[in-house]
Amino acid sequence: MSELSLIAAIERALSARGGRLLRGPGDDAAVVRAAGAVAVTSIDAMVEGVHFKLDTHSPADVGHKALAAALSDIAAMGARPGEAYVALGLPPGFGEERALDLVRAMEELGERTGTAIAGGDVIQAPELQLSVTVTGWADSDDALAYRDGARPGHLLGVTGELGGSGAGLLLLERGERDGPLVQRHLRPEPRLAAGVALAAAGVSAMIDVSDGVATDARHLAERSGVEIVVDLERVPLAPGLREAAEELGRDPLELAAAAGEDFELLFTAPADRRAAIEQSADLPVSWIGEAREGSGLRLLAAGGRPVELTGYEHP
């Protein structure tokens, strides 16, 4: 596989979109016209053997998930998607067609979300590695949501359902390849439209559920200087999670709160914004707790019993 021929093939697989991209792949750097007053930038990396295994994830799965995870950070800020820049490290023998399968999956997600893959780099690496930098846009910083706005009395909400990705990973590891829980892990969807709508509707703090509620709610609490209390019995479970958890010998509430990679949006909001938020989001919203005076995270099981759970922690 020639590096130059692969780069040329990747360029042919990508399309400009959004009206901001003046020059993309093919020059030394991308040129983007600022479409709003504020650029929102995040970077996310995935490494074979740490974040995925190629015996359970196809190259297309890896490409989709790498871009989806990066875009989820943009969603958590309430920004509109813009451009993505991809550094791709390929191991010896990976092959041009598998590399293009990976890029095409990213391009499909980019087309669906309005994200232009505006450039990047290809290098040789000891294992498959991806680093994805994404830029989103907002008209002003006031239009965005941060992690530090939760106040005592604010409600804690979450979009969609939780636990599906964690259960899907366990099913994958025991050899299953089909079903909605497996797909939830392999092909997550960043909640971009919901993020913009929630920020506009008045959420006070927001984060994406990448490491599990047990970790991500703690981030909100620490950044905002409050205690966040989560009622685990109110956490929305992914369809089929209870049955899969029973089959796997796992607690469904533990999977929902601690497994991570659901990429839903976890947020706080004043009580008087509840109705507006429920009407604005394009997804179901569940209210699972509240912010209080104090610090840290408190997880409550049935009957208000405190429990200790930890979400994913990066090594």
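Numbers for residues simply follow the sequence, beginning at 1.
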Using atom types as modelled and distance alone, determine if a side-chain donor or acceptor of [X] lies under 3.5 Å from a backbone N or O of [Y].
| X | Y | answer |
| --- | --- | --- |
| Asp121 | Ala87 | no |
| Thr56 | Lys53 | yes |
| His51 | Val47 | yes |
| His64 | Pro188 | yes |
| Asp262 | Ser165 | yes |

Inter- and intrachain pairs under side-chain hydrogen bond (donor to acceptor under 3.5 Å, both in side chains), touching residues 220-236, at least two apart: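 Those involving residues 220-236 are Glu227-Arg298.
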Minimum heavy-atom separation for [X] to [Y], with atom names?
| X | Y | result |
| --- | --- | --- |
| Leu186 | Lys65 | O-CB, 4.0 Å |
| Leu181 | Pro239 | CD2-O, 3.7 Å |
| Gly149 | Ala205 | N-CB, 3.7 Å |
| Arg292 | Val226 | O-CB, 3.5 Å |
| Leu90 | Leu128 | CD2-CD1, 3.7 Å |
| Ala214 | Leu297 | O-CD2, 3.1 Å |

Verify the cluster assignment for [X] and [Y]: are they in a single hydrophobic cluster under the rule of side-chain heavy atoms below 4.5 Å apart?
| X | Y | value |
| --- | --- | --- |
| Leu155 | Leu162 | no |
| Leu88 | Leu54 | yes |
| Met46 | Leu71 | yes |
| Leu237 | Val285 | no |

Ile288 vs Pro236 side-chain heavy atoms within contact, under 4.5 Å: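 With C-beta onward as the side chain, the pair touches.
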Any side-chain heavy-atom pair of Asp61 and Ser58 under 4.5 Å: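 Side chain of Asp61 against side chain of Ser58, heavy atoms only: contact under 4.5 Å found.
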Residue pair Thr159 / Glu264, side-chain donor-acceptor N/O under 3.5 Å: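 The criterion, which ignores hydrogens and geometry beyond distance, is satisfied for Glu264 and Thr159.
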Output the distance between atom [atom1] ([X]) and atom [atom2] ([Y]), rounded to the nearest 0.5 Å.
| X | Y | atom1 | atom2 | answer |
| --- | --- | --- | --- | --- |
| Arg147 | Met77 | CZ | CE | 8.5 Å |
| Ile117 | Leu67 | CD1 | CG | 6.0 Å |
| Leu266 | Ile228 | CG | CD1 | 7.0 Å |
| Arg177 | Gln183 | CZ | CD | 11.0 Å |
| Leu192 | Thr113 | CG | OG1 | 6.0 Å |
| Arg187 | Leu109 | CZ | CG | 9.0 Å |

Please list every donor-acceptor pair under 3.5 Å in which a side-chain atom of residues 193-204 meets a protein atom from a residue at least two apart or in another chain.
unit_1: Ser204; atom_1: OG; unit_2: His154; atom_2: ND1; d: 2.9
unit_1: Ser204; atom_1: OG; unit_2: Thr268; atom_2: O; d: 3.1
unit_1: Ser204; atom_1: OG; unit_2: Thr268; atom_2: OG1; d: 2.7

Parallel, tilted or perpendicular: rings of Phe267 and Trp287 (30°, 60°):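 Ring orientation, 0 to 90° scale: perpendicular.
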Neighbour count above 12 (heavy atom, 6.0 Å) for Asp55 CG: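 More than 12 within 6.0 Å, yes.
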Crowding at CD, Glu246 (>12 non-hydrogen neighbours, <6.0 Å):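 For Glu246, atom CD is not crowded (no more than 12 foreign heavy atoms under 6.0 Å).
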Under-4.0 Å salt bridge between [X] and [Y]:
| X | Y | value |
| --- | --- | --- |
| Glu161 | Arg242 | no |
| Asp101 | Arg104 | yes |
| Arg80 | Asp139 | yes |

Asp208: partners by side chain to side chain contact (heavy atoms under 4.5 Å, CB included), with sequence neighbours left out: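 Ser72, Asp73, Ala76, Ser210, Phe263, Leu265.
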Verdict with reasoning, Arg98 to Leu102, per side-chain contact (heavy atoms from CB on, under 4.5 Å): CA-CA 6 Å; Arg98 297 177 81 199; Leu102 185 154; over 6 Å; no
